[in-house]
Amino acid sequence: MADEDHNGFSEWGGYFEAKKSKLEEQFAAASNPFRKSNLFDGISIFVNGLTNPTADELKRIMMVHGGTFHHYERSHTKFIIASNLPDVKVRKMDTSRIIAAQWVVDCVEQNRVLDYKPYLLYTNQKTTQPRLNFGKGKKNDSTLDNSTVAEETELDGILKELQQDVATSPKKHISHINNLSATTTSNHPNSSHSARTAVDPEFLNEFYKNSRLHHIATLGAGFKQYVCELRQAHGNKPFVKRGELRTLLVAGKLLSEDVSTKTPKRYVMHIDMDCFFVSVGLRSHPDLRGLPIAVTHSKGGTGATDVPVHPQANRQVERELFAQRFEQHLHDNVRADKVRYGFQKNMSLSEIASCSYEARAKGIRNGMFVGQALKLCPELKTIPYDFEGYREVAFALYNTVAQYTLNIEAVSCDEMFVDLTDVLQELQVDVMTFVTHLRQEVRDITACPCSAGVADNKLLARMATKLAKPNGQHLLQTEDAANYMATLALDVLPGVGSSITYKLNQAGLSNCADVQQVSLVRLEMLLGKKMAQTLYQNCRGIDPRPLVYEQQRKSISAEVNYGIRFSKYEELEKFLKQLSGEVHSRLIEIKRKAKSITLKLMVRAAEAPVETSKFMGHGICDNQTKSLLLKQSTDDLEFITQNVLKLMKESGFPPNELRGIGIHLSKLDDVVESKKENLIMNMFSKISEKQKDKSINIPIAIPIKEPLDMKAKSDSTNVLSLLKNAATRSKSNPAAAFKIANFFQVTATESSYSSSSPPPPPPMIHVASWADCFLNRSDLQPSTSKAGLARENKRLCRADQIVTKYMEELPQHMHPAIHQYITLNNKQKDVAPTVEQPEKQTNIFVNPNYKSLLATWVKTEAVPKPTDVNLIYLNICDLVLDNQMDKVYEIMKYFCCIVKTKRRNSCCWHMAYNEIESNIQEKVQEILDCHIYIREAIDCCKCQSFRS
DNA sequence: ATCCTCCCCTAC
DNA sequence: TAAGGTAGGGGAGGAT
Ligand SMILES: Nc1ccn([C@H]2C[C@H](O)[C@@H](COP(=O)(O)OP(=O)(O)OP(=O)(O)O)O2)c(=O)n1
Ligand SMILES: [Mg+2]
Ligand SMILES: [Mg+2]
Ligand SMILES: [Mg+2]
C-alpha cells in the first residue's frame, strides 16, 4: 500500500487516495451498523447490466447480509449477476459464474445459501480460461501473500511496482459499458457458442485465451523484460534480503568458516519449477497429489479414448504422411509414439502441457497426446489449465530470487539462470546451503516444488537440474563433467532435438560418448559450423556462453495455426486484419517500430486430407514465408495491415487451403530511453528535422520554440492543453493561425491520402505469384522463381517510391490523430472565421474529432497529468449538465476502451479513468438521479488491490 | 567476404 | 473434439 510513489505515481496520490478511502468508507459505513446476518459471508457479487432487483438494491442486500459487493468484476468475484447480456460479451466471460438476481432474493427469503446452479444464466458453459494478462498484479491469493515477509523492503517495493508494468498480452480489453438508454436489446443467452474457426470474429481472442503455448511464450518474454526493469530500477542499492538471510544463517551456525580464503569461483545456478503446470494445478486439487496427473484441455477418462472424429478425416493416411515427411521424428521417442499411437482411431489428440512425475514413471511426457498417454496409464487424471496461477507462481519465483541478486537470465516463466558468485561472496555461505534456503523460500511462497542445479557454466547447471529433479538440487563439479556427459543421450543436450539426433544417429553416433570421439571437422560436415562447435564443446561439458541478464528483443509476431478454415477471401482478409491488429498492438506495447514484415503461411500439403485428424488442427502442411523490407520502420497499423494484405495477395494461395497464418515483425529499431518529457515537442522538432533532409519545400510554420513558449505560459506542460492551445491560439492570433494552418494544411493533404485511401494499385505487370512458384513445384526451382519475384517486388517498390515516402513517413512523425485534430480545428476556423472566443475554452468534446484527441492523449502520455484529468472531467461534466447523455456514454465507453487497450499496465491511467468515471457517476447521480451502468471497469489487479 | 531472404530447428 | 505460440540461432544459396 505504501508503494505508489514510483514513476510519477505520486502525482496521483490525491486522486487515488480520495477514491480509495471513499470506497472503503462507503462500504465500511454501509456494511457494519446495518448488518442483519452473515448469510453471504465470503460471497462476492458483481452486477452486470440491468437487473431486478437493481444493482443498488442488490448491493444493499449483500451488505446487510454480510456479503461483498464488487463495483466491477474482479478475478475473485464469486458471482456475476445479470439478466441478459449480449451474445458477444458472454463469449468472453466465464459463464459458469453468471447467475440471475433471483438467487440473491431467494437466498434471503429462505435464509440460506442456495445452490446457485439452477440460477445459472448460461448452462452450456465452456470452461475457458481468461487470457493471460501479464501486467495484472498479483491477486490476493492467500497461499501467496500470507507467507511473504511482513516488512516491505525497498526492493520489495520495486518488485511489486514493476510487476504491474511489465509487458503484457491481455486478451479481453473491449469495454463493456451498457448504453444508458439501454432498453436492453433482445439477446439469446443460450445461443452462445464457442468460436470454432478463424471466420468467427471472436476466434482470435478465444484461441489465445486457451493457448498454453501463447501463454508461456508471452510470460517468458515478459520475464525477460521484467529482469531488465528490475535491474534498471535497482541501481546500486544493497540487497536487503541478503542481510536477513545472513542473520538467519549466523543464528543457525550455517556460515562456512574458511570461505574467506577460497579463490572466488563462479557459480551458475539453473532453477526450474517441477512439472510447473501440474504443481500449480495441484494446489487446488490436493486430493490428487501422488497420482499420475496431466494438465490438458481434454477431460480425459473414457471420453478421451472415444473422441468424435470428423468423418472425412483420415488418421491412418495422416499418420503415414507424417511418417514419410518427418522420418527423423520417428527416431524421437515421444514423437514416434505420437505417430504410432496418437493417430489411432478416436484417441484424443489434445496435448498434455505438463504431467506429474508419477505420470512420467509410466512413460508419459510433456507434449504427448492425451489418447496415447491414456494407453500408457489408463488411470491418468487430468486437470484444467490455470493460467492466472502460472503467472502468480512465476512472479513469486522471480521475485524470490530477485531479492538476493539480479544477475538473472530469464529463460522462461518457470526457469532461469542465476549467477550466484556475488551473493555467495557477500554472504560467505556454502552454495548448496544457499540454494536449499532459496528453494525452500520458493516453496513456502508458492506451494510448488522446484529444483536447482549448480555448476560453473550454464550447460552443466542445466544438467545438474536434470539430475536434481524432482524437488531436489545438485552441484555438478567441473572435474566430473566430461565423464558425466559421456553417459548421456544426445537429445538431452540443449539445442539438440530430434533432427540433429537423427543426423548424428545416421552418422553412427548415438550418444555423447560417441560424439566425444569425433573430430570437429567431421561434426562440421554433418551439422554446419556453429552447431558442430557447440556440440563439440557441449558433449564435453564445456560451455563458454555468458549469462545474458538484459535480453534485447529482436522480433515480435503473432501466429495462429489452429482453426484456420476459410472459404472466401473476405473471411481471410478479415482475419488478416485482426491478426495485423494483434501484432500491431504488441509492437506498440513494446514501444518499438519494425522495418520488416513477414507473412508466414501453413498450406495444406497436396497429399494431405482436407480434414485434419486433430480437430481444427493444421494437419500436414507446407510452410511458406514472404517478407517485405520497408523503406523505414513503422508502427502504423494501417500501413502494416496493407502490407500484410499485399503479401497475402502475392502469395496467391486459395483461402481454403490455408491452415496457419503468422505475421512477424523484425528489424526493430533501437529502444529509446523513454524520455516521455514532452512528446508533442518531439513531434514538432522531428518534423523540422525531416524538413531539412527533404527537398520538397513545405513551409514550416512553427518554430521549435513556439511550443516551448506555450509551455512556459500555460503553467501545464501537458499534451492536451498544448493541443488546445495550438488550436485556440490559431483563432485568437491570426498570424500564428496562418502559419499553423498553412503548415498543417500541407501535411494534412498528404496524410489524408495516405490514411484514408489505399495505395494505388501497382502497375499491372505480370508477377509470378508466390503460390505459382510454390504450387508448380515441378516446373521451376523455387529459389529461382522466388528470387525473380523478389526482384520484381523491389522494382515495384521503387516505382511507388514517391507516394510511399509520404505514406511511410508522415504518420510516424506526427500522429495522424494530432494533425487531424488540429487540422480540423483550423479548417473550421477557415470555414467560419471566428467570432472572438471568450475566455472560457471550448469544450473539447465539441470537436467531432474528440476521439482521436483522447486516443492521442492516452497513447502519448505515460502518466496522465492531473490538469488533463481534471480538464476532461470538467468537460464531460459540462455535457452532463447539458444533458448530452448519449455523448457522455459514448465518451466514457471510448475512453475506457482506449485506456484498456493502450494502457493495459499503467495503473496511473487506470486510476485516471476510474477517477473520472466515478466522479462522473456522482455528477450524473446528482443531476439526473440515475446511473451509467458500466459493465466492466478497468480490469487490473493492482489497482484493485489498492482498494481492498 | 558479407548481406539478405527463406527456410529449418529448438526450447519452453 | 481443441485451443499446434513465439523467439532466437543458424544454414543454404543467391545478390552485392
Ligand atoms: N511441450 C510443452 C512443454 C512445456 N509446456 C509448459 C508446461 C510446463 O509445465 C511448462 C514448463 O516446462 P518445463 O520444460 O519446465 O516442464 P515441467 O515444468 O512441466 O517439468 P520439469 O519438472 O521437467 O521441469 O511449460 C508446454 O505447455 N508444452
Ligand atoms: Mg519446469
Ligand atoms: Mg522449464
Ligand atoms: Mg535437447
Side-chain angles (χ1 to χ4, degrees), chain A residues 126 128-129 131 169 194-197 203-221 223-224 272-273 276-277 296-299 303-304 306-310 313 328 346-351 353-354 366-367 369-371 385 410-415 462 491 493-501 503 527-531 534 551-564 583 586 596 598 600 602 612-619 621-629 659-660 662 664 666-667 781-784 786-791 793-794:
Chain A
K126 276 187 27 57
T128 55
Q129 301 286 335
R131 197 177 146 190
S169 154
S194 57
R196 291 186 186 299
T197 76
F203 174 83
L204 193 60
N205 265 308
E206 188 79 4
F207 171 71
Y208 276 138
K209 234 166 43 181
N210 290 297
S211 164
R212 75 184 204 280
L213 292 173
H214 164 74
H215 280 87
I216 62 176
T218 312
L219 274 177
F223 281 109
K224 286 173 188 181
D272 185 299
M273 302 304 294
F276 185 44
F277 285 14
T296 159
H297 283 300
S298 159
K299 297 276 177 294
D306 185 24
V307 132
V309 175
H310 194 286
Q328 71 274 39
N346 296 348
M347 304 276 277
S348 168
L349 298 184
S350 172
E351 279 189 14
S354 178
N366 288 1
F369 290 140
V370 169
Y385 288 93
V411 175
S412 74
C413 60
D414 88 325
E415 185 178 345
R462 264 210 145 90
D491 61 358
L493 295 174
V496 178
S498 64
S499 271
I500 290 172
T501 304
K503 281 187 196 168
L527 305 171
K529 212 164 171 66
K530 282 284 171 46
M531 192 61 228
T534 314
Q551 301 177 74
Q552 185 60 250
R553 180 194 275 280
K554 295 183 175 121
S555 71
I556 192 155
S557 62
E559 189 163 338
V560 176
N561 301 309
Y562 179 85
I564 300 297
V583 242
R586 294 182 193 182
S596 171
T598 303
K600 172 176 176 282
M602 293 187 82
T612 56
S613 294
K614 190 189 187 100
F615 175 71
M616 285 299 137
H618 55 57
C621 287
D622 295 306
N623 295 334
Q624 290 291 297
T625 258
K626 183 90 177 72
S627 61
L628 185 68
L629 188 63
R659 292 291 178 270
H664 296 244
S666 54
K667 298 195 202 300
Q781 283 302 85
S783 53
T784 321
K786 264 183 229 157
L789 182 64
R791 236 179 287 121
N793 281 340
K794 216 175 274 175

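Both backbone and side-chain heavy atoms feed into the values below; hydrogens, waters and symmetry mates do not. None of the values given here were measured: they were computed from a predicted structure. Here is how names work: the chains are called A, B, and so on, in the same order as the sequence lines, proteins then strands, and each is numbered from 1.
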The side chain of [X] is closest to which nucleotide in this list: [options]?
{"X": "A:S348", "options": "C:dG4, C:dA7, C:dA2", "result": "C:dA2"}
{"X": "A:S555", "options": "C:dA2, C:dA7, C:dG5", "result": "C:dA7"}
{"X": "A:S498", "options": "C:dA3, C:dG5, B:dT10", "result": "B:dT10"}
{"X": "A:Y562", "options": "B:dC9, C:dA2, B:dC7", "result": "C:dA2"}
{"X": "A:T625", "options": "C:dA7, C:dA2, B:dC6", "result": "B:dC6"}
{"X": "A:N623", "options": "B:dC8, B:dT10, C:dG5", "result": "B:dC8"}
{"X": "A:F207", "options": "B:dC6, C:dT6, C:dA3", "result": "C:dA3"}
{"X": "A:H214", "options": "C:dT6, B:dT5, B:dC12", "result": "C:dT6"}
{"X": "A:S627", "options": "C:dT1, C:dA3, B:dC6", "result": "B:dC6"}
{"X": "A:K554", "options": "B:dT5, C:dG8, C:dG4", "result": "C:dG8"}

[N] phosphate, OP1 or OP2: any side-chain N/O from [X] under 4.0 angstrom?
{"X": "A:S412", "N": "B:dA11", "result": "no"}
{"X": "A:K503", "N": "B:dC9", "result": "no"}
{"X": "A:N366", "N": "B:dC12", "result": "no"}
{"X": "A:K667", "N": "B:dT5", "result": "yes"}
{"X": "A:Q624", "N": "B:dC6", "result": "no"}
{"X": "A:Y208", "N": "C:dT6", "result": "yes"}
{"X": "A:K626", "N": "B:dC6", "result": "yes"}
{"X": "A:S211", "N": "C:dG4", "result": "yes"}
{"X": "A:R553", "N": "C:dA7", "result": "yes"}
{"X": "A:S350", "N": "C:dA3", "result": "yes"}

Just the rounded figure in Å: distance from [atom2] of [N] to [atom1] of [X].
{"X": "A:H664", "N": "C:dA7", "atom1": "NE2", "atom2": "P", "result": "8 Å"}
{"X": "A:N210", "N": "C:dG5", "atom1": "CG", "atom2": "C1'", "result": "14 Å"}
{"X": "A:F277", "N": "B:dC12", "atom1": "CZ", "atom2": "P", "result": "13 Å"}
{"X": "A:L629", "N": "C:dT16", "atom1": "CG", "atom2": "P", "result": "14 Å"}
{"X": "A:R462", "N": "B:dA11", "atom1": "CZ", "atom2": "P", "result": "8 Å"}
{"X": "A:E351", "N": "B:dC12", "atom1": "CD", "atom2": "P", "result": "15 Å"}
{"X": "A:F369", "N": "C:dG4", "atom1": "CZ", "atom2": "C1'", "result": "8 Å"}
{"X": "A:K224", "N": "B:dA11", "atom1": "NZ", "atom2": "P", "result": "14 Å"}

Exercise. Which of parallel (below 30°), tilted (30 to 60°) and perpendicular (above 60°) describes A:Y385 and A:F277?
Worked result: perpendicular
Exercise. Given that A:M531 and A:T612 both sit by DNA chain C, which one's nearest nucleotide is further toward the 5' end?
Worked result: A:T612
Problem set entry | Residue whose closest nucleotide on DNA chain C lies nearer the 5' end, A:F203 versus A:Q551 | A:F203
For this session: Might you work through the side chain to side chain contact (heavy atoms under 4.5 Å, CB included) test for A:E206 and A:R196, ending with a clear yes or no?
Result: CA-CA 9 Å; A:E206 188 79 4; A:R196 291 186 186 299; over 6 Å; no
For this session: Taking the side chain as every heavy atom from C-beta outward, state whether A:K614 and A:E351 have any pair of such atoms under 4.5 Å apart.
Result: yes
Exercise. Under 4.0 angstrom, heavy atoms only, what part of the nucleic acid is A:G563 near: base, sugar-phosphate, or nothing?
Worked result: nothing
Exercise. What is the nucleic acid contact for A:I564, judged by heavy atoms within less than 4.0 Å: base, sugar-phosphate only, or nothing?
Worked result: nothing
Exercise. Taking only residues two or more places apart in sequence, or in another chain, which ones meet A:K529 in a salt bridge (Lys or Arg N to Asp or Glu O under 4.0 Å)?
Worked result: A:E524
For this session: Write down the atom of A:H297, the atom of A:N210, and the distance for their closest heavy-atom approach.
Result: NE2-O, 2.7 Å
For this session: Write down the atom of A:N561, the atom of A:G660, and the distance for their closest heavy-atom approach.
Result: OD1-CA, 3.1 Å
For this session: Name all residues meeting the ring pair (Phe, Tyr, Trp, His ring centres under 6.0 Å) criterion together with A:F615; count only those two or more places apart in sequence or in a different chain, and write none if there are none.
Result: none
For this session: Tell whether A:R196 reaches the base of C:dT1 with its side chain through a donor-acceptor pair below 3.5 angstrom.
Result: yes
For this session: Indicate whether A:H618 forms a stack on C:dG4; treat it as stacked only if centroid distance is below 5.5 angstrom and interplanar angle below 30 degrees.
Result: yes
Seminar exercise, completed: Output for pair (A:K600 NZ, A:Q624 CD), nearest 0.5 Å, gives 10.5 Å
